[in-house]
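Reading through the structure tokens given below for one structure.
Lettering of chains follows the sequences in order, A, B, ..., and the numbering in each one begins at 1. These numbers were taken from a predicted model, which means no experiment stands behind them. Only this structure's heavy atoms are used, side chains among them; waters, hydrogens and symmetry mates stay out.
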Protein chains: 2
Amino acid sequence: MSRSGAPAARDPASVAPTAAQARVIAAALELFSRYGVGGTSLQMIADEIGVTKAAVYHQYSTKHEIVLAAAEAELTRLEAVVAAAEAERSPGRARDALVTGMVDLAVARRRTVRTILNDPIIGGFFAEHEQFRQVMHRMRHLLVGDERGPEARVSTAMLIAAISGAVMHPFVASLDDEVLRAQLLRLARRFLGLPG
Amino acid sequence: MSRSGAPAARDPASVAPTAAQARVIAAALELFSRYGVGGTSLQMIADEIGVTKAAVYHQYSTKHEIVLAAAEAELTRLEAVVAAAEAERSPGRARDALVTGMVDLAVARRRTVRTILNDPIIGGFFAEHEQFRQVMHRMRHLLVGDERGPEARVSTAMLIAAISGAVMHPFVASLDDEVLRAQLLRLARRFLGLPG
DNA sequence: GTCTATAGACCGATAGAC
DNA sequence: GTCTATCGGTCTATAGAC
């Protein structure tokens with residue numbers, strides 16, 4: 001769903017990036033994961049792509065916009081996982097699809113997910129970003145249904161943090177993607193009390 | 001243990017900080033959690049304390065040293081929790097004490113733990129920091145004994161990430177410390193397959 | 001869409017007075 | 001231990017040629 005070829009402008013705030021914008025976003029995400037958002041300059045992004053700063057400013061007119069576009073690009077991937085889970089036929093299947101999709105996404109984008117969900121600057125952006133709150137709310141609903149008490153909040157937060165944080169922990173650096181994926185999925189399901 | 005009044009220089013690399021150094025570390029940790037390590041300047045640290053940059057440089061001669069001192073200060077807290085757990089009489093009690101101590105520490109230092117464990121710059125410091133690797137190894141041993149396979153690695157990484165990441169998730173921002181502590185402890189114990 | 005060149009602010013770091 | 005003052009360099013951002 002939502003291939004990058006078609007325009008598909010569903011949201012006026014976040015239209016599909018052009019090819020040049022996608023290169024900026026990819027370079028930014030790579031550098032953010034290595035140096036953090038605050039430790040990444042426009043010069044570093046330009047050097048990573050192989051152009052000058054002015055060429056980057058032609059795509060996005062402030063650093064703020066680049067950070068927002070990079071965060072939204074990753075959020076869009078997560079939203080696709082959530083939407084696919086919501087399309088399942090039963091709440092049980094939906095919850096299962098969400099956990100599997102979260103693990104797949106976290107492993108596939110091992111180096112970026114942790115920064116996107118933990119960098120304090122991006123966290124500040126998300127705090128005032130309605131799309132992010134809605135995705136989080138939909139994830140919680142898929143995981144714990146209509147419950148909204150402390151246990152529902154803490155268990156959802158722990159599952160998201162466990163999956164997204166574990167993939168960059170030094171303990172798992174030596175594991176290849178398939179082994180990591182299998183273990184993450186099994187342990188995440190166990191955390192939720194799901195069968196094996 | 002290890003009150004800041006006594007000299008107690010056990011490690012030549014990380015001696016106990018003076019009062020002035022402790023103020024720098026506290027200001028740095030606060031700002032790191034708000035803006036990230038790369039997004040925090042020495043001017044910001046100096047302003048937070050209410051002195052000039054030169055006064056900060058009198059305590060630590062590079063920014064690198066400040067980041068290292070701040071990371072080590074937090075690592076020392078975690079090491080104390082690990083040491084207390086290791087002093088328990090049985091492996092079961094030790095594991096229990098570790099989980100409880102980790103939760104207490106994460107809740108007490110809600111705003112700082114996530115940054116310390118997830119900021120990419122600090123992560124790079126820890127990668128070449130023997131004390132950090134030893135503490136992680138001791139935590140894994142307390143949690144899963146002599147097992148060193150993928151499951152032992154992934155489950156340890158997930159528990160650490162879950163506890164340290166959940167305390168700053170927007171879902172739990174409205175919970176007071178005691179409620180958060182109780183839920184974190186209960187769910188962490190359930191993740192490890194421990195009784196109630 | 002990319003370049004060179006530049007503006008003005010801020011960066012980490014140092015010198016030396018008190 | 002803190003200050004003022006300063007260094008050279010890098011930062012974000014802009015102007016204008018090709």
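- Applying the ring-ring contact (aromatic ring centres under 6.0 Å, His included) test to residues at least two apart or on different chains, none of the pairs has a partner in residues 142-162 of chain B.
- For residues 159-188 of chain A, the ring-ring contact (aromatic ring centres under 6.0 Å, His included) pairs, not counting sequence neighbours, are A:H169-A:F171.
- Side-chain contact, A:Q131 with A:E72: no donor N or O sits under 3.5 Å from an acceptor N or O.
- Residue pairs meeting the side-chain hydrogen bond (donor to acceptor under 3.5 Å, both in side chains) criterion with at least one member in residues 42-53 of chain B, sequence neighbours excluded: B:Q43-B:D47.
- Here D:dT10 presents its P atom at 11 Å from CG of A:D47, a figure rounded to the nearest Å.
- Evaluation of the salt bridge (Lys or Arg N to Asp or Glu O under 4.0 Å) rule for B:E86 yields B:R138 as partners, not counting sequence neighbours.
- For DNA chain D, the residues of residues 53-62 of chain A within the heavy-atom distance limit of 4.0 Å (strictly under) are A:K53, A:A54, A:Y57, A:S61, A:T62, sorted by number.
- A heavy atom closer than 4.0 Å to some atom of DNA chain D occurs in A:T40, A:S41, A:L42, these being the qualifying members of residues 27-42 of chain A.
- A:R189 pairs by the salt bridge (Lys or Arg N to Asp or Glu O under 4.0 Å) definition with A:D96, not counting sequence neighbours.
- With sequence neighbours left out, A:E128 forms a side-chain hydrogen bond (donor to acceptor under 3.5 Å, both in side chains) with no residue at all.
- Residues in residues 41-60 of chain A take part in no ring-ring contact (aromatic ring centres under 6.0 Å, His included) pair, two or more places apart or across chains.
- For DNA chain C, the span of nucleotides reached by chain A at under 4.0 Å from its heavy atoms goes, 5' to 3', from C:dG1 to C:dT4.
- The side-chain hydrogen bond (donor to acceptor under 3.5 Å, both in side chains) contacts involving residues 113-123 of chain B comprise nothing, where partners must be two or more places apart or lie in separate chains.
- Qualifying salt bridge (Lys or Arg N to Asp or Glu O under 4.0 Å) partners for B:R148, counting only residues two or more places apart in sequence or in other chains: none.
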